[in-house]
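All chains are named by letter (A, B, ...) in the order of the sequence lines, taking the proteins before the strands, and each is independently numbered beginning at 1.
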Amino acid sequence: MNKYRSHNCSELRLKDENNTVKLSGWVHRKRDHGNLLFIDLRDHYGLTQCVVQSGTEHFKILEKLKPESVILIIGKVLKRSKETINRNLSTGEIEIHINDLEILSESKELPLPVFGEPEYPEDIRLKYRFLDLRREKMHQNISLRSKVISFIRNKMIELGFMEFQTPILTASSPEGARDFLVPSRLNPGKFFALPQAPQQFKQMIMVAGFDKYFQIAPCFRDEDGRADRSPGEHYQLDLEMSFVEQDDVFSTVEPIFFDLFTKFNKGKKISKAPFKRITFKESMLKYGSDKPDLRIPIQISDVTDIFKSSEVKLEIFKKQIKKNSIVRAIPVKNVKDKSRSFFDNLNEWAKSEGADGLAYISLVKSKESFKALGPIGKYFSEKALNELMKKCNITDGDSLFFICDKQKIAEKISGLSREKIARELKLIDENVFEFCWITDFPLYRYDEDLKKIDFSHNPFSMPNIKYEDFDKVDPLNILAKQYDLVCNGVEISSGAIRNHIPKLMYKVFSKVGYSKKNVDKKFSGMIKALSYGAPPHGGMAPGIDRIVMLLANEENIREITLFPLTQNAQDLLMGAPLDASDEQLKDLNLKILKK
RNA sequence: GGGGGUGUAGCUCAGUUGGUUAGAGCGAUCGCCUGUCACGCGAUAGGUCGAGGGUUCGAGUCCCUUCACUCCCGCCA
């Protein structure tokens with residue numbers, strides 16, 4: 001028999017009546033009636049009420065004992081009288097009368113209470129993370145994370161994927177985010193980098209002929225944190241498959257996500273596989289984003305032509321259009337009763353986001369014809385209104401918001417406005433998971449700061465163009481076999497069919513200024529690997545943290561992470577990062593520069 | 001690197017236009033209480049008002065600097 005317990009704290013029922021049991025756990029809550037003391041004993045599994053009467057030595061000890069102390073009790077399971085049953089507890093029909101007691105570990109006064117679920121400042125929670133994690137919500141979130149990971153792992157193995165570990169100490173990659181560096185003692189002055197992702201390794205696993213690989217992989221990127229992005233490290237379901245095209249990857253991954261979200265959905269509906277597929281171009285137009293939230297029933301339209309025509313007399317926009325600006329329209333149903341301040345506030349908000357403003361008209365039907373209300377309503381002819389109604393699918397009582405700006409800004413602001421308006425009008429159905437694939441990303445983008453062409457995503461993606469045609473087109477128009485999986489406006493995965501042809505690889509890199517020699521040097525492993533018989537392959541890497549966030553319905557990644565860093569990348573519990581001793585620095589041939 | 005928010009008792013928060021000794025609830029401690037499950041009642045202790053500087057007869061309150069946490073922009077192939 002186990003030394004500490006015969007049952008856990010959520011196990012005992014009426015059928016155990018009169019049995020003597022042994023329980024261990026934390027003193028969750030005490031209710032002291034002077035001559036009668038109730039203790040809620042808590043462990044990972046639940047709560048059990050324990051009772052002790054005055055006059056025993058245990059009573060005196062327990063009366064003084066602080067909450068969150070760990071105790072072992074031996075006692076008899078007794079049926080509760082009808083009036084004292086607690087329906088909120090699975091063990092609420094019984095209680096334990098304590099006959100024997102051992103204090104296993106005493107708690108000091110708590111810096112933050114475990115009982116109840118109030119909000120606490122982040123720094124105190126992180127400093128005492130082990131206490132914070134005892135709270136029910138955190139305990140459930142972290143448990144969910146564990147269950148999600150084992151579900152995924154089982155599923156992948158079931159589907160014939162093999163799980164491999166790839167190096168944590170590896171080489172810095174010249175593309176991408178800032179690396180974490182680790183000095184090498186045996187190679188003075190040289191550094192390992194922690195992997196930003198096992199990208200090159202997983203491709204080499206394919207070259208090595210293992211066919212299907214996965215890993216719950218830690219990824220290290222030295223970038224600043226956000227609510228949905230830990231500074232330092234995060235986890236990806238890294239997967240790769242040989243002899244596949246985009247559709248093969250999609251049809252493998254879709255059921256995994258559908259099943260995963262079905263299992264842990266907490267009653268939410270899930271968009272059925274196959275998920276909607278939207279090209280990058282279409283997504284930027286209709287949703288103003290490459291991670292559209294499809295729960296929002298608003299689609300943006302381009303109405304530049306209508307504003308260009310003589311049917312609209314809005315000179316400010318016409319001037320902008322002549323300078324290469326475009327006009328995007330955001331239709332919003334049924335807002336004619338909204339106050340003037342609703343529209344004005346949106347206009348102010350748009351300005352704060354970097355737009356010139358957010359113009360609008362509201363449509364009303366008077367007799368047989370439609371009129372546009374609002375500050376710029378008078379500039380529209382009836383014909384223009386009819387065209388707008390048709391194009392944007394609006395009618396009596398609806399409004400149209402307009403953004404006129406350079407394409408990049410117009411897209412961004414229209415997308416943000418779509419989300420902002422949807423939030424304010426509560427148009428988002430919180431009870432669904434809407435998945436979609438975004439496909440056909442451009443291979444390159446133009447870097448405004450450096451005034452040069454750069455990769456828009458993964459440099460190892462297969463371009464969607466033949467080698468022979470590569471030089472015949474504007475590089476900025478070349479698409480890649482690159483795709484994202486998006487759910488409710490959250491990018492949960494990136495992936496691609498990889499470029500496994502060295503000749504084409506050199507060509508791809510040449511457009512961003514890499515010579516063949518340079519590619520050979522910086523990606524020597526990859527190029528070599530692709531030169532000795534590489535299978536066509538592709539895969540993706542869904543972010544575990546964001547998946548768990550969605551399933552736990554949390555806005556912040558720290559709520560689903562056991563021991564997160566602060567925004568300044570510090571571990572308040574362990575005190576990391578720390579100074580290195582002189583000894584350590586000497587070993588590593590390092591000197592700290594004084595600031 | 002930049003912009004915003006927050007910081008008052010162990011915890012959550014109040015604190016008026018700058019004005020006497022900075023308050024409440026929870027928690028803690030002590031006492032009372034035999035059926036609670038947010039038990040109840042009473043008392044007591046508990047404060048560098050994040051830190052430093054300034055303005056003022058007088059600063060929790062105004063100004064400057066700074067620190068911590070956080071949200072956002074940049075960044076995140």
Identity of whatever pairs with [N] - Watson-Crick or G-U, under 3.5 angstrom:
N       : value
rA68(B) : rU6(B)
rC49(B) : none
rG40(B) : rC32(B)
rA59(B) : none

Select base, sugar-phosphate, or nothing to describe what [X] touches, counting heavy atoms under 4.0 Å on all strands.
X       : answer
K64(A)  : sugar-phosphate
P111(A) : sugar-phosphate
F455(A) : sugar-phosphate
F115(A) : sugar-phosphate
D179(A) : nothing
R125(A) : nothing
D123(A) : sugar-phosphate
Q567(A) : base
N568(A) : sugar-phosphate
L89(A)  : nothing

Same-atom distance ([atom1]) from [N] to [M], integer angstrom:
N       : M       : atom1 : answer
rA24(B) : rA45(B) : P     : 12 Å
rA59(B) : rU17(B) : C1'   : 13 Å
rA14(B) : rC75(B) : C1'   : 41 Å
rG58(B) : rG19(B) : P     : 14 Å
rG50(B) : rG3(B)  : P     : 22 Å
rG25(B) : rU65(B) : C1'   : 36 Å
rG47(B) : rC37(B) : C1'   : 34 Å

Within this structure, what is the [atom1]-to-[atom2] distance between [X] and [N], rounded to whole angstrom?
X       : N       : atom1 : atom2 : result
I557(A) : rC71(B) : CD1   : P     : 11 Å
R31(A)  : rG40(B) : CZ    : P     : 10 Å
R178(A) : rG74(B) : CZ    : P     : 14 Å

Exercise. Would you say the base of rC76(B) and the side-chain of R221(A) have a donor-acceptor pair closer than 3.5 Å?
Worked result: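 By the distance-only test, no, there is no pair.
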Exercise. On a plain distance test, is the side chain of Q53(A) in donor-acceptor contact with the base of rU34(B) below 3.5 Å?
Worked result: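 Indeed, a donor on one side and an acceptor on the other fall under 3.5 Å apart.
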Exercise. Are OP1 or OP2 of rC11(B) and a side-chain N or O of R135(A) less than 4.0 angstrom apart?
Worked result: no
Exercise. Between Q49(A) and rU36(B), is there a side-chain N or O to OP1/OP2 distance below 4.0 Å?
Worked result: no
For this session: Tell me whether H33(A) is stacked on the nucleobase of rC39(B), counting only the six-membered base ring and applying the 5.5 Å and 30° thresholds.
Result: yes
Exercise. With nearest nucleotides of RNA chain B determined for T566(A) and D228(A) from heavy-atom distances, which residue corresponds to the more 5′ nucleotide?
Worked result: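 Residue closer to the 5' terminus by nearest nucleotide: T566(A).
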Problem set entry | Residue met sooner reading RNA chain B from 5', once D40(A) and L110(A) are mapped to nucleotides |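 The residue mapped nearer the 5' terminus is L110(A).
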For this session: Return yes when atom NZ of K76(A) has more than 12 non-hydrogen atoms of other residues, nucleotides or ligands closer than 6.0 Å, and no otherwise.
Result: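 No, because the 6.0 Å sphere around NZ of K76(A) holds 12 heavy atoms or fewer from other groups.
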Problem set entry | Test item: Y120(A) and L131(A) side chains (from C-beta on) under 4.5 Å apart, heavy atoms | no
Exercise. Side chains of I124(A) and Y128(A): does their closest heavy-atom pair fall under 4.5 Å?
Worked result: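 Yes, side chains in contact.
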